[in-house]
There are 4 protein chains.
Amino acid sequence: MRAQRADARRSQILDAAVQVFAHKGFHAATVRDIAKKAKLADGTMYLYFKNKNDLLLAILDRMRERERHAVESPRGLTPDANARTLWVDSLRQRIDVFRGSLRELQAVLPDILRAPVLRRRYLQAVLPSRPGFAEPTVGAVGDESALRELDPRLSQRIMPSLFMGLLVLRMLGDVEVDALWDALPEQLAELLHPPRKAAPRPAAAAARSPQTRGRRRAAS
Amino acid sequence: MRAQRADARRSQILDAAVQVFAHKGFHAATVRDIAKKAKLADGTMYLYFKNKNDLLLAILDRMRERERHAVESPRGLTPDANARTLWVDSLRQRIDVFRGSLRELQAVLPDILRAPVLRRRYLQAVLPSRPGFAEPTVGAVGDESALRELDPRLSQRIMPSLFMGLLVLRMLGDVEVDALWDALPEQLAELLHPPRKAAPRPAAAAARSPQTRGRRRAAS
Amino acid sequence: MRAQRADARRSQILDAAVQVFAHKGFHAATVRDIAKKAKLADGTMYLYFKNKNDLLLAILDRMRERERHAVESPRGLTPDANARTLWVDSLRQRIDVFRGSLRELQAVLPDILRAPVLRRRYLQAVLPSRPGFAEPTVGAVGDESALRELDPRLSQRIMPSLFMGLLVLRMLGDVEVDALWDALPEQLAELLHPPRKAAPRPAAAAARSPQTRGRRRAAS
Amino acid sequence: MRAQRADARRSQILDAAVQVFAHKGFHAATVRDIAKKAKLADGTMYLYFKNKNDLLLAILDRMRERERHAVESPRGLTPDANARTLWVDSLRQRIDVFRGSLRELQAVLPDILRAPVLRRRYLQAVLPSRPGFAEPTVGAVGDESALRELDPRLSQRIMPSLFMGLLVLRMLGDVEVDALWDALPEQLAELLHPPRKAAPRPAAAAARSPQTRGRRRAAS
DNA sequence: CATGAATGAGAGTTCATTCAT
DNA sequence: CATGAATGAACTCTCATTCAT
């Protein structure tokens with residue numbers, strides 16, 4: 001009971017902080033701003049968080065937690081789906097998770113970009129080496145993939161980077177990205193994991209599907 | 001004459017500001033920090049810039065200016081090159097320009113991500129709709145390109161996003177991206193503009209790096 | 001019955017306050033500190049005392065009360081003692097009373113030194129003009145005393161001052177004073193009320209301490 | 001020139017701080033109080049002192065410095081004076097020094113009583129073991145002194161304690177002590193270093209001087 | 001032009017006090 | 001009676017900005 005109330009308060013404050021940080025950034029945001037947004041008195045925040053900095057860390061923790069949840073309890077995938085569908089689905093899940101914490105990321109990312117401590121503590125976990133985030137790109141890629149010739153260090157980073165980049169564009173106010181967001185899984189699958197009709201065939205620019213006929217490199 | 005002196009002072013201050021902003025971020029950086037780095041008195045900055053905010057705008061202006069220069073006066077391209085080479089070269093130029101302002105971007109990006117004014121005023125110009133930045137990706141792509149089936153709004157954003165994303169990874173401290181940086185043009189060409197017909201050339205990317213090393217900031 | 005409970009609570013709180021004040025001083029001590037030490041909730045204090053300031057006054061009141069008690073009900077003095085013994089005994093009683101409230105004094109003195117209200121209201125009563133505190137020095141002094149030629153205003157203040165001073169040294173951390181404390185009555189008698197005629201008795205002071213050790217706070 | 005201005009400012013601020021601390025105590029005094037008393041802006045203090053605490057240390061340093069000065073450059077003593085005169089003179093000098101920093105002491109003493117750091121760092125130097133402060137009491141004492149029979153640890157502390165105690169009485173608002181202050185050297189000499197007319201004579205309650213006839217212990 | 005001492009608004013934070021439970 | 005979450009005034013300290021030199 002008591003613990004529940006406390007958790008509710010923490011959430012209430014964190015939500016306010018996310019909004020204010022996303023809007024003004026960590027440094028420009030004042031504790032008073034956050035308190036006002038949370039409809040609390042200035043001092044109340046300090047009953048639940050050690051200080052303003054702690055607020056940032058708590059936001060990151062909450063993000064991690066949510067992601068862990070999402071990863072650990074994946075929605076059931078259709079068992080008989082083919083590889084591409086699986087890949088698209090898993091990609092969509094990641095994107096959805098991402099979208100869930102989009103505001104959080106926007107609130108937190110710019111300030112993380114400077115703080116080496118934060119970067120080390122959180123972002124290696126949250127971003128590039130996140131288990132499963134890069135792998136689909138690589139693991140599912142057969143010999144014919146466009147990624148075959150790439151430096152593996154780069155190919156591992158294609159997806160996260162593309163993602164990060166699109167996110168930044170969004171944050172920069174690009175409305176098109178916003179509109180595209182839902183189509184991203186399919187589109188990225190199209191780009192990086194082209195559907196294959198047949199078994200691996202070294203040659204031939206075969207037509208593989210109605211929509212994608214004539215795609216991909218003819219011979220390689 | 002007098003104007004030149006003033007410009008030199010402005011540059012001196014801006015350089016200092018870039019360094020300090022890149023390190024601490026706009027809000028955490030103090031005018032005193034910048035003045036000290038520029039070896040000037042605190043008040044002197046105000047003779048050349050209206051206020052601290054104006055410094056940020058000036059940094060952005062300078063970035064734009066440099067980019068405009070780079071775009072308007074491209075280094076001579078080998079006239080007999082084939083389409084792909086052209087594309088790679090033009091891509092490399094862009095990347096070099098980017099690299100020239102890498103510190104600036106790092107100094108400025110996190111704070112720009114929030115300030116709607118800055119975003120509207122500067123970044124739509126600097127980033128996605130930058131003339132020529134996305135086009136190579138699209139324009140040079142033949143029928144066989146991986147990009148053909150994509151939503152054009154997305155395909156236009158592939159390159160900038162990938163770029164932004166890699167940059168963010170760099171800023172997040174990913175050393176691999178750093179190491180890969182010089183090979184990026186070839187690698188991205190490999191990915192988005194695959195060479196026709198030829199057999200796999202796994203060594204191409206790696207072979208490039210030696211010469212491009214040490215070219216750092218050539219364009220700045 | 002009910003009043004007793006309330007008194008017990010008051011004492012419980014005052015004891016805690018004395019400890020915390022002695023350690024941190026009035027201003028640096030927080031109500032929470034005191035509540036924690038008293039194993040009560042923060043707000044409970046306010047059921048027994050008007051506010052934090054009132055705590056200080058209550059401590060002083062309790063000190064006065066104790067001293068009044070000690071003065072009004074002196075332990076029986078050996079009826080056949082000579083003048084000097086009487087003087088020494090009475091001095092010892094005072095010192096013991098003092099010692100009983102030593103922590104209180106330490107808790108309260110520094111802050112009393114500034115607050116004119118406190119000084120006027122309490123300390124003139126507690127200290128110099130305290131009935132009987134200075135008198136032994138003066139009244140018991142025969143023609144041969146060292147004090148005879150002094151300005152009476154000073155001679156009245158010799159004992160309290162000496163005392164206060166030694167107390168301050170103690171508070172300043174002088175361990176020697178601490179060790180000497182039990183021997184003080186004899187020693188001060190030696191100084192201010194020299195024994196007549198008899199030969200030097202160098203061992204007197206030291207001899208006393210064993211028994212008086214362990215009497216700590218007997219009077220409190 | 002510049003350094004002089006800075007020193008003047010420091011003094012100006014320290015003087016204000018002494019007044020405010022003496023009046024309200026360290027903790028109750030606000031930086032704004034001090035700034036106002038010094039007729040400066042709030043922030044100006046921080047150009048000259050690291051923080052409020054530093055102010056306290058600086059006051060102590062200044063006291064030490066003054067005392068060192070007074071000790072190192074003693075006013076010329078009449079070379080042909082007898083021992084007692086010398087003692088009285090030296091005592092007066094100490095008292096004068098003391099009086100010079102009386103307000104400082106009042107400002108600083110109560111807070112020093114709690115801070116172990118301050119005590120260790122400053123007061124052992126300022127108070128009891130101060131070279132020359134206790135010694136006159138002891139060194140000048142012949143075999144006949146009232147101090148002969150005392151525990152040496154105590155006799156060393158008589159003077160400082162008496163002093164401290166009188167000071168505390170003063171701080172407590174005892175106006176009589178205030179009035180007596182100037183007569184203290186003579187009076188204390190009277191008490192602790194009785195004038196001797198003749199050579200050491202073990203017996204006889206001799207009349208020694210008009211004013212002091214019949215003083216001191218008859219036989220010892 | 002250049003300086004840097006001075007300013008004072010406003011930041012983060014603490015804590016005496018209240019009051020619904 | 002007792003609690004302790006909530007309050008918000010007031011604290012210390014920072015720093016962008018000004019201006020006499």
Side-chain angles (χ1 to χ4, degrees), chain A residues 1-2 5-6 8-9 13 26-36 38-55, chain B residues 2 5-6 9 13 26-36 38-55, chain C residues 2 5-6 9 13 26-36 38-55, chain D residues 1-2 5-6 8-9 13 26-36 38-55:
Chain A
M1 198 85 245
R2 178 123 350 135
R5 270 264 298 263
R9 272 274 186 274
I13 294 169
F26 179 75
H27 274 100
T30 72
V31 170
R32 178 156 299 166
D33 288 336
I34 298 167
K36 198 167 289 174
K39 301 197 172 183
L40 291 171
D42 298 21
T44 305
M45 190 212 86
Y46 291 91
L47 298 177
Y48 297 92
F49 300 92
K50 219 172 67 229
N51 50 34
K52 193 183 161 193
N53 234 304
D54 198 34
L55 227 42
Chain B
R2 188 164 302 171
R5 269 267 294 269
R9 271 271 191 276
I13 294 170
F26 178 75
H27 272 98
T30 70
V31 170
R32 174 156 301 170
D33 287 336
I34 297 166
K36 199 166 288 174
K39 302 197 173 183
L40 291 171
D42 297 24
T44 305
M45 190 210 85
Y46 290 88
L47 299 175
Y48 296 93
F49 299 92
K50 212 172 73 220
N51 52 30
K52 193 183 161 190
N53 235 304
D54 198 34
L55 273 179
Chain C
R2 189 163 303 170
R5 270 265 293 269
R9 270 271 190 277
I13 295 169
F26 178 76
H27 272 98
T30 71
V31 170
R32 174 156 300 169
D33 287 336
I34 297 166
K36 199 167 287 173
K39 302 196 172 182
L40 291 170
D42 297 23
T44 307
M45 191 210 85
Y46 289 88
L47 298 176
Y48 297 92
F49 299 92
K50 212 171 71 221
N51 52 32
K52 193 183 161 191
N53 235 305
D54 198 35
L55 273 178
Chain D
M1 199 83 242
R2 178 116 358 129
R5 270 265 297 265
R9 272 274 187 273
I13 294 169
F26 178 76
H27 274 101
T30 72
V31 170
R32 176 156 301 167
D33 287 336
I34 297 166
K36 198 167 289 175
K39 302 199 171 180
L40 291 171
D42 297 22
T44 306
M45 190 213 86
Y46 291 90
L47 297 178
Y48 298 93
F49 300 92
K50 217 171 67 228
N51 50 33
K52 194 183 159 191
N53 234 305
D54 198 34
L55 226 41

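Within every chain, numbering begins at 1; the chains are lettered A, B, ... in the order of the sequence lines, protein sequences first and strands thereafter. Remember, predicted model here, so these are calculated numbers, not experimental data.
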Q: Considering residues at least two apart in sequence or located in another chain, which fulfil the side chain to side chain contact (heavy atoms under 4.5 Å, CB included) criterion with C:Ala28?
A: C:Lys24, D:His27

Q: Of all of residues 26-36 of chain D, which get a heavy atom below 4.0 angstrom from DNA chain E, listed by number?
A: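 Heavy-atom cutoff 4.0 Å gives no residues at all.
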
Q: What parts of residues 42-50 of chain A reach DNA chain F, counting only heavy atoms under 4.0 Å away?
A: A:Gly43, A:Thr44, A:Leu47, A:Tyr48

Q: Taking atom P of E:dG10 as reference, at what distance in whole Å does atom NZ of A:Lys52 sit?
A: 16 Å

Q: Would you kindly give the NZ-to-C1' distance between D:Lys39 and E:dT7, to the nearest whole Å?
A: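 Between C1' of E:dT7 and NZ of D:Lys39: 17 Å.
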
Q: Could you tell me how far apart B:Ile13 (CD1) and E:dA2 (C1') are, to the nearest whole angstrom?
A: 11 Å

Q: If you look only at pairs with a residue in residues 39-48 of chain A, which of them pass as a salt bridge (Lys or Arg N to Asp or Glu O under 4.0 Å), with sequence neighbours excluded?
A: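 Output for this query lists A:Arg32-A:Asp42.
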
Q: What's the separation between atom CG in A:Leu40 and atom CD1 in A:Ile34, rounded to the nearest 0.5 Å?
A: 11.0 Å

Q: Given side chains that start at C-beta, do those of A:Leu55 and A:Met45 come closer than 4.5 Å, heavy atoms only?
A: yes

Q: Between the axis at one end of the helix from E:dA2-F:dT21 to E:dT21-F:dA2 and the axis at the other (five pairs apiece), what's the angle to 10 degrees?
A: 0°

Q: State, to 0.1 Å, how close A:Ala35 and A:Ala41 come at their nearest heavy-atom pair, and which atoms those are.
A: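 Reported closest heavy-atom pair: CB-O, 3.8 Å.
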
Q: When the side chains of residues 46-53 of chain D are checked against the rest of the protein, which donor-acceptor pairs come out under 3.5 Å, sequence neighbours left out?
A:
residue, atom, partner, partner atom, Å
D:Asn51, OD1, D:Asn53, N, 3.2
D:Asn51, OD1, D:Asp54, N, 2.9
D:Lys52, NZ, D:Phe26, O, 2.9
D:Lys52, NZ, D:Ala29, O, 2.8

Q: How many whole angstroms separate atom CZ of B:Arg5 from atom C1' of E:dC1?
A: 8 Å

Q: Can you find a side chain N or O atom of B:Arg9 that sits less than 4.0 Å from OP1 or OP2 on E:dC1?
A: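 Answer no for this pair, as no side-chain N or O of B:Arg9 is under 4.0 Å from OP1 or OP2.
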
Q: Please tell me which of C:Asn51 and A:Asn51 maps to the more 5' nucleotide of DNA chain E, matching each residue to the nucleotide holding its nearest heavy atom.
A: A:Asn51

